[in-house]
Amino acid sequence: QVQMVESGGGLVQAGGSLRLSCAASGRAFSNYAAGWFRQAPGQEREFVASINWNGGSTYAEDSVQGRFTISRDNAKNTVYLQMNSLKPEDTAVYFCAASRSPFGRSLALQYHYWGQGTQVTVSS
């Protein structure tokens, strides 16, 4: 089993930055791909970014490419999402997730372990 806990959310002005962290339990986490998703009120959960098991391959959704960067530190069992140039439309609850596959995935159903989420609010 893998448990995941997000932190780092908050309120920021448009154009600002935040860094989300996701701490995972369990030695198996270093063999798993990880991802970030977000869900705005009244919207479906959507993919943001993914990273493979060793951090050598990453993928980001079009609307955040060039602004958001996913990374991981397997020695700390932690995944990060650096968010720059934030926009009001980035406002959502952000979730981290882990997949038992070593390769990054973009569909929520391909992830097996989820955190509880952290709120990110971007004011205009």
Side-chain angles (χ1 to χ4, degrees):
Q1 275 285 13
V2 175
Q3 293 183 325
M4 310 183 75
V5 179
E6 302 96 337
S7 62
L11 173 64
V12 64
Q13 289 188 331
S17 298
L18 281 175
R19 188 194 197 199
L20 305 183
S21 298
C22 177
S25 66
R27 287 177 289 181
F29 176 74
S30 62
N31 297 319
Y32 294 166
W36 287 94
F37 290 76
R38 65 185 180 185
Q39 187 167 18
Q43 304 289 323
E44 293 187 356
R45 191 169 298 190
E46 66 173 3
F47 169 77
V48 176
S50 66
I51 188 165
N52 74 333
W53 69 279
N54 67 357
S57 177
T58 63
Y59 178 71
E61 188 266 331
D62 286 349
S63 69
V64 306
Q65 280 189 10
R67 300 189 298 125
F68 292 10
T69 302
I70 187 171
S71 62
R72 68 189 296 163
D73 184 341
N74 282 345
K76 296 181 179 179
N77 262 19
T78 302
V79 180
Y80 304 98
L81 185 68
Q82 177 66 46
M83 305 186 295
N84 299 327
S85 302
L86 282 160
K87 304 175 181 179
E89 52 263 44
D90 294 318
T91 295
V93 177
Y94 282 70
F95 299 88
C96 66
S99 170
R100 288 195 289 265
S101 167
F103 306 111
R105 298 285 186 256
S106 60
L107 297 180
L109 58 84
Q110 294 171 312
Y111 287 82
H112 305 90
Y113 307 103
W114 290 85
Q116 293 299 307
T118 185
Q119 177 70 47
V120 171
T121 303
V122 185
S123 63
S124 57

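One-based numbering along the sequence shown. What's counted below: heavy atoms across the whole structure, side chains too, no hydrogens, waters or symmetry copies.
To the nearest 0.5 Å, atom CE of residue Met83 and atom CZ of residue Arg19 are 11.5 Å apart. Rounding to the nearest 0.5 Å places CD of Gln119 at 9.5 Å from CG of Leu11. From Thr78, atom OG1 reaches atom CG of Leu20 across 12.5 Å, with rounding to the nearest 0.5 Å.
At least one side-chain heavy atom of Arg72 sits under 4.5 Å from a side-chain heavy atom of Phe29. In this structure the side chain of Glu61 never reaches within 4.5 angstrom of the side chain of Val48, judged on heavy atoms. Ser17 is listed as a side-chain neighbour of Asn84, based on a closest heavy-atom distance under 4.5 Å. At a threshold of 4.5 Å between non-hydrogen side-chain atoms, the residues Cys22 and Tyr94 do not count as touching. Between Phe68 and Leu86, the closest side-chain pair of non-hydrogen atoms falls below 4.5 Å.
Hydrophobic clustering keeps Phe95 apart from Val122 (ILVMFWY residues linked when any side-chain heavy atoms are closer than 4.5 Å, directly or through intermediates). Note on Tyr80 and Ile51: separate hydrophobic clusters, where clusters join Ile, Leu, Val, Met, Phe, Trp and Tyr whose side-chain heavy atoms are under 4.5 Å apart, directly or indirectly. Met4 and Phe37 end up in different hydrophobic clusters when Ile, Leu, Val, Met, Phe, Trp and Tyr side chains are linked at under 4.5 Å. The cluster map of Ile, Leu, Val, Met, Phe, Trp and Tyr, joined by side-chain heavy atoms under 4.5 Å apart, puts Val12 and Val64 in the same cluster.
Heavy atoms only, all atoms of each residue included: Gln110 and Arg105 are closest at OE1-CB, 3.3 Å. Considering every non-hydrogen atom in both Gly8 and Leu18, the closest pair reads O-CD2, 3.8 Å. The heavy-atom pair separating Ala14 from Ser124 by the smallest distance is CB-CA, 4.4 Å. Residues Ala92 and Ala40 share a closest heavy-atom pair of CB-N, 3.8 Å. Residues Gln43 and Gln39 share a closest heavy-atom pair of O-NE2, 3.1 Å. Summarising the geometry of Leu81 relative to Ala49, their closest heavy-atom pair is CD1-CB, 4.4 Å, with the distance given to 0.1 Å.
Checking side-chain atoms of Asn74 against main-chain N and O of Trp53 turns up a donor-acceptor pair under 3.5 Å. Panel note: side chain Thr58, backbone Ile70; no donor-acceptor pair is recorded below 3.5 Å. At distances below 3.5 Å, at least one donor-acceptor pair connects side-chain atoms of Thr118 with backbone N or O atoms of Gly9. In this structure, the side chain of Gln116 does not engage the main chain of Glu6 through any donor-acceptor pair within 3.5 Å. The backbone N or O of Ala24 sits less than 3.5 Å from a side-chain atom of Asn77, completing a donor-acceptor pair. Ser57 places no side-chain N or O within 3.5 Å of a backbone atom of Asn52 that could act as its donor or acceptor partner. Between the Gln82 side chain and the Thr69 main chain, no donor and acceptor come within less than 3.5 Å of each other.
In this structure, Tyr59 and Phe47 have parallel ring planes: the angle between them is below the 30° cut-off, well short of the 60° mark. Between Tyr113 and Tyr32, the ring planes lie parallel to each other; the angle is under 30°, not in the 30° to 60° tilted range.
For residues 80-95, the salt bridge (Lys or Arg N to Asp or Glu O under 4.0 Å) pairs, not counting sequence neighbours, are Arg38-Asp90, Arg67-Asp90.
Evaluated for a side chain to side chain contact (heavy atoms under 4.5 Å, CB included) with Tyr111, the options Cys96, Ser101, Ser50, Ser106 yield exactly one hit, Ser50.
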